[in-house]
Amino acid sequence: MQNPNLTRRRMIAITAAALGSAFVSGARSAGAGEAVRWHGAALGAQVSMEIYHPDRAEATRLVGSCLLDVRRLEQQFSLYRQDSAISTLNRTGILVAPDPDMVALLEASLTFADLTGGAFDPTVQPLWRLYADHFSLERPDPNGPPREQLVEVLTRVGCRGLQVRPDRIALAHRGAAITLNGIAQGFATDKVVEKLRKAGLSTTLVDMGEIRAIGPRPEGAPWRVGLADPDRPGALTETIDLVDRAVATTAGAGFRFDAAGRFTHLFDPKTGCSPSLYRTVSVVAPSATEADALSTAFSLMAIPRILDIVAARPNVQARLIDADGRMTVCGA
């Protein structure tokens, strides 16, 4: 799973104009209305929205309403905030009368954990703590934490120790903790898209850490999204078209504990190690929640197993780039 304290950007909306920190009006498109764009920070990432609506005032109101929802989700899922619901759960081991969105996201997390045979696992936060503490030492062992410490921490990892009910969330093991940053940005993206769809919008690009398109661009062309190269700042590995789909990208190079890059923010919950199977994994899926979770899980999985999962999931595609720059595409 991904380092819960850092973002993993690598996607750029190629067609979007440079965005400021406030609302910016754009050119009017026949039938779709004027573009209203917003850019800022939320959920530990740079986020943006580009929507088209015939009434600019209403479009601006909708963007503001979506941002209020995202701030509310931050209060639930952010590990940066000591007063968030997830921080409270990690500190006390229990949440009573949890927010329905927290329950929904944890239930989705457990579903993806089951689908991926445990590769996706929200309970890996103790591994982050272990590696962060080890590599903050004055002279850390470059081979990582002592084996006995790793074995002990792994006893706190595993979804069987996470109990989720509408009225109560609990961690069964002392010292257990969760992170939702391998799925929360996708979930927030989907919540925004859901609100905009209900408002009747049919031409929108939403980026809340993961990207999802509603319909095509106003002129009918697909949205063009660039997938950033984690090893070359400012460069792209490729561009893809999006219409009514989402994309999420995960890369181990997003954060490295050590200079050699042997230990990254991607943790195998079975071994506690950081595999380096791929430079990047991008997943295109109907929802950003699914794309987010699967891009995290697929980073830890061999191609035959990825092919099995993609074959069973409608409209899902995985794009894998290995250490030598070769791309493998799984799914249509």
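Sequential numbering from 1 along the given sequence is applied to the chain's residues. Just so it is clear, the model here is predicted, and its values are computed rather than measured.
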Are any of the side-chain nitrogens in [X] or [Y] under 4.0 Å away from the carboxylate oxygens of its partner?
X    : Y    : value
D244 : R197 : yes
R279 : D229 : yes
D101 : K191 : yes
R313 : E290 : yes
D324 : R326 : yes
E50  : R217 : yes
D121 : K270 : no

Determine, step by step, whether I178 and L106 satisfy the side chain to side chain contact (heavy atoms under 4.5 Å, CB included) criterion, reporting the C-alpha distance in whole Å, the side-chain angles of both residues, the deciding distance to 0.1 Å, and the verdict.
-> CA-CA 10 Å; I178 66 169; L106 284 175; 3.8 Å; yes
Any chance the side chains of R147 and Q149 put a donor and an acceptor closer than 3.5 Å?
->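 There is no such pair between these side chains.
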No-hydrogen, no-angle side-chain donor-acceptor test under 3.5 Å, R256 and T264 |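 Not at all, the side chains of R256 and T264 share no donor-acceptor pair under 3.5 Å.
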Tested for side-chain contact (heavy atoms from CB on, under 4.5 Å) against V284, the lone hit among V225, V247, V316 is V247
Sole candidate of L162, T179, T296 that passes side-chain contact (heavy atoms from CB on, under 4.5 Å) when paired with P122 = L162
Under the side chain to side chain contact (heavy atoms under 4.5 Å, CB included) criterion, do Q75 and D83 qualify, and how do the steps go?
-> CA-CA 7 Å; Q75 183 63 37; D83 62 343; 3.7 Å; yes
With side chains defined as the heavy atoms from C-beta onward, is the minimum distance between [X] and [Y] less than 4.5 Å?
X    : Y    : result
M49  : R37  : no
P222 : L242 : no
R129 : N90  : yes
L171 : Q163 : no
I214 : L196 : yes
D114 : L110 : no
T116 : M301 : yes
L201 : H53  : yes

Atom OG in S287, atom CD in E194: separation rounded to 0.5 Å?
-> 11.5 Å
Would you please test R61 and D55 for salt bridge (charged side-chain N to carboxylate O under 4.0 Å, His left out) and show each step?
-> CA-CA 10 Å; R61 188 199 67 76; D55 184 339; over 6 Å; no
Candidate pair Y80 and Q82, rule side-chain hydrogen bond (donor to acceptor under 3.5 Å, both in side chains), full reasoning | CA-CA 7 Å; Y80 295 97; Q82 291 301 306; over 6 Å; no
For S202, check side-chain contact (heavy atoms from CB on, under 4.5 Å) against everything at least two apart and list the hits.
-> none
R174 CZ: over 12 foreign heavy atoms closer than 6.0 Å | no
side-chain hydrogen bond (donor to acceptor under 3.5 Å, both in side chains) between R319 and Q317: does it pass, once the steps are laid out?
-> CA-CA 7 Å; R319 308 178 72 84; Q317 182 187 81; 2.8 Å; yes
Would you call the rings of F187 and F77 parallel, tilted or perpendicular, where under 30° means parallel and over 60° means perpendicular?
-> perpendicular
Any idea how F120 and F112 line up, ring-wise: parallel (<30°), tilted (30 to 60°), or perpendicular (>60°)?
-> perpendicular
Using links of under 4.5 Å between side-chain heavy atoms of ILVMFWY residues, direct or through other members, which residues join I94 in one cluster?
->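 Other cluster members: V96.
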Go through the steps for D190 and R212 under the test salt bridge (charged side-chain N to carboxylate O under 4.0 Å, His left out), then give the verdict.
-> CA-CA 8 Å; D190 288 338; R212 184 171 170 185; 2.8 Å; yes
Using the rule that two of Ile, Leu, Val, Met, Phe, Trp, Tyr join whenever any of their side-chain heavy atoms come within less than 4.5 Å, decide whether I321 and V329 are in one cluster.
->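 Yes, same cluster.
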Do F298 and Y278 pass the ring pair (Phe, Tyr, Trp, His ring centres under 6.0 Å) test, and can you show the C-alpha distance, the side-chain angles, and the key distance before you say yes or no?
-> CA-CA 9 Å; F298 288 172; Y278 314 105; 9.1 Å; no
